[in-house]
Enquirer: 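Handing you this structure, nothing more for now.
For ligands, and for the atoms within them, numbers begin at 1 and follow the listed sequence.
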Amino acid sequence: MYPDSGPSLITTIPGPKSVALHERRTEVVPYAIPWSLPVYIDRGEGPYLFDVDGNRFVDMGSGIGVTSIGHGNLAVIEAATTQLRNVTHTLFGILPYEGYVRVAEFLSEKTPGDHKKSSVLVNSGSEAIETAVKVARKYTQRRGVVVLDHAFHGRTNLTLTMNHKIIPYGLGFGPYAPDVFHAPNSYPLWDGLSGREAAARTIQFVEETVGAENVAALIFEPIQGEGGFIVPADGYLPALQAWARNSGIVMVADEIQSGMGRTGCWFASEHFDIVPDLVVAAKALAGGLPLASVTGRAEMMDSVQRGGLGGTFGGNPVACAAAIAVFEEIETRELLRESRRIGRTLEDGLCELRKRHPVIGEVRGIGAMQAIELTDPETGTPIVGSAKEISAAAASQGIILLTAGSEENVIRFLPNFTTPDSVIDLALSILDRALSDLENDTRH
Ligand SMILES: *Cc1c(COP(=O)(O)O)cnc(C)c1O
């Protein structure tokens with residue numbers, strides 16, 4: 001087990017070596033690439049990240065839910081190292097190898113539904129979403145792509161068009177992809193609608209402004225990630241699924257952030273009793289190596305002509321070896337249970353904080369995917385931009401917290417599944433103090 005003593009800071013933050021690296025970076029890396037904290041990381045172990053100055057941080061973000069089975073996982077290291085020695089590349093579309101097939105087998109087994117499935121492997125979440133749209137368009141012979149408000153789907157031309165926020169993802173990058181339509185979502189804290197009401201609103205919008213028969217795919221995140229861990233109201237997703245089935249629309253679950261055990265199930269769709277036609281995974285799929293997947297109904301995937309999907313690096317052998325180790329680790333070390341344990345600890349702790357801090361408008365999430373939304377206690381409206389202040393205060397105490405939300409007023413927690421309860425409690429006590437400071441600031 002890892003030391004449960006939490007963070008250990010031995011220099012000012014950032015330390016002198018990080019400051020020097022940051023100066024070098026500023027010379028050669030563009031302004032467009034941001035940072036949350038200008039500390040330069042040297043190595044990771046379990047729930048901790050160590051910077052170049054020897055400071056130890058508690059990582060409550062896992063690089064946006066990527067290193068879910070922990071930093072420095074020995075099974076991933078072993079599998080990837082062995083594969084590096086054996087062969088690093090053949091291009092699966094030219095000369096195949098077993099690792100790709102094994103990952104596809106795992107995905108068929110672990111994604112929702114027991115229908116016949118097949119999988120394509122690519123390099124990034126954005127590329128996987130693009131691939132899913134290609135499959136849906138080919139299969140339906142339709143063009144329309146419907147996405148939901150507060151969605152985030154990526155940074156390529158098509159996927160940036162699919163995002164809710166044009167700032168920063170799309171500003172100045174037009175022309176944007178055609179045939180993308182943004183429909184209202186279910187956001188219980190803001191809209192107060194039941195799942196049935198919110199679904200009726202989404203469906204009415206699509207039928208009036210797009211026409212169901214023009215829609216190839218409805219793409220949704222079961223729990224919206226960048227949008228602020230928005231959990232849709234009960235019954236929302238099943239109602240959308242029933243309507244999509246009747247209308248011949250392909251349901252694509254973007255489980256890039258919510259999948260691979262993050263919510264305590266393999267895929268978050270399971271919590272909502274839906275079986276999407278296509279499921280997209282990426283972030284935590286290969287333990288930090290770049291790999292993404294589209295898993296779908298065999299008849300949909302097989303509607304695409306030979307050579308129509310794939311790419312040079314897609315399903316790289318080293319990334320596949322790491323992904324196999326991730327699947328095996330989650331199974332053999334019962335990490336879904338650990339994800340649920342972390343969810344309970346976080347949710348209980350955050351609900352305790354909410355009693356003392358009226359700026360916490362809501363605690364929400366499932367499993368190890370939890371968030372708090374910061375709202376004005378008097379008006380209930382978002383405290384725009386407040387999340388940054390909290391994450392900066394936590395970082396100065398050695399806790400890495402990620403922000404989210406269209407109004408930048410959500411703190412999201414994505415600790416990895418090896419994080420002991422005691423370390424989470426420690427992180428929450430630091431958050432406690434940061435919230436008091438925020439409350440003092442907003443009062444003055
Ligand atoms: C991160 C993310 C993406 C984009 O993935 P990239 O690998 O950055 O292209 C898409 N959808 C969701 C829900 C994500 O969290």
Enquirer: Taking the six-membered ring for Trp and the full ring for Phe, Tyr or His, determine whether the centres of W266 and F327 are under 6.0 Å apart.
Expert: yes
Enquirer: So which of H153, K283, E255 gets nearest to atom 15 (O) of ligand 1, if we judge by its closest heavy atom?
Expert: K283
Enquirer: Go through it in stages, so that I can follow the logic: the residues are R102 and E328, the test is salt bridge (charged side-chain N to carboxylate O under 4.0 Å, His left out), and I'd like the CA-CA distance, side-chain angles, deciding distance and then a yes or no.
Expert: CA-CA 11 Å; R102 187 74 194 105; E328 288 172 352; 5.3 Å; no
Enquirer: Can you label the angle between the W35 ring and the H22 ring as parallel, tilted or perpendicular, going by 30° and 60°?
Expert: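 Because their plane-to-plane angle is over 60°, the rings of W35 and H22 count as perpendicular.
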Enquirer: Set out, in order, the CA-CA distance, both residues' side-chain angles and the distance that settles side chain to side chain contact (heavy atoms under 4.5 Å, CB included) for R245 and M251, then state yes or no.
Expert: CA-CA 8 Å; R245 287 247 160 94; M251 284 282 276; over 6 Å; no
Enquirer: Is there a polar contact, in the sense of an N or O pair closer than 3.5 Å, between E221 and ligand 1?
Expert: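 So ligand 1 has no N or O lying under 3.5 Å from an N or O of E221.
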Enquirer: With heavy-atom distances below 4.0 Å as the criterion, list the atoms of ligand 1 near Q257.
Expert: 15 (O)
Enquirer: Decide yes or no for H153 and N163: does some side-chain heavy atom of the first lie under 4.5 Å from some side-chain heavy atom of the second?
Expert: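 Side chain of H153 against side chain of N163, heavy atoms only: contact under 4.5 Å found.
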Enquirer: Do F152 and ligand 1 have an N or O pair less than 3.5 Å apart?
Expert: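 Between F152 and ligand 1, an N or O pair is found under 3.5 Å apart.
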Enquirer: What protein heavy atom sits nearest atom 8 (O) of ligand 1, and how far off is it?
Expert: S126 OG, 4.5 Å
Enquirer: Do G125 and ligand 1 have an N or O pair less than 3.5 Å apart?
Expert: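 Checking ligand 1 against G125, an N or O pair does fall under 3.5 Å apart.
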Enquirer: Parallel, tilted or perpendicular: which one describes the rings of Y187 and W190, with boundaries at 30° and 60°?
Expert: parallel
Enquirer: Please list, in number order, the atoms of ligand 1 under 4.0 Å from a heavy atom of S124.
Expert: 7 (O), 9 (O)
Enquirer: Could you tell me, atom by atom, which parts of ligand 1 come under 4.0 Å of a heavy atom of D254?
Expert: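 Taking each heavy atom of D254 in turn, ligand 1 has 10 (C), 11 (N), 12 (C), 13 (C) under 4.0 Å.
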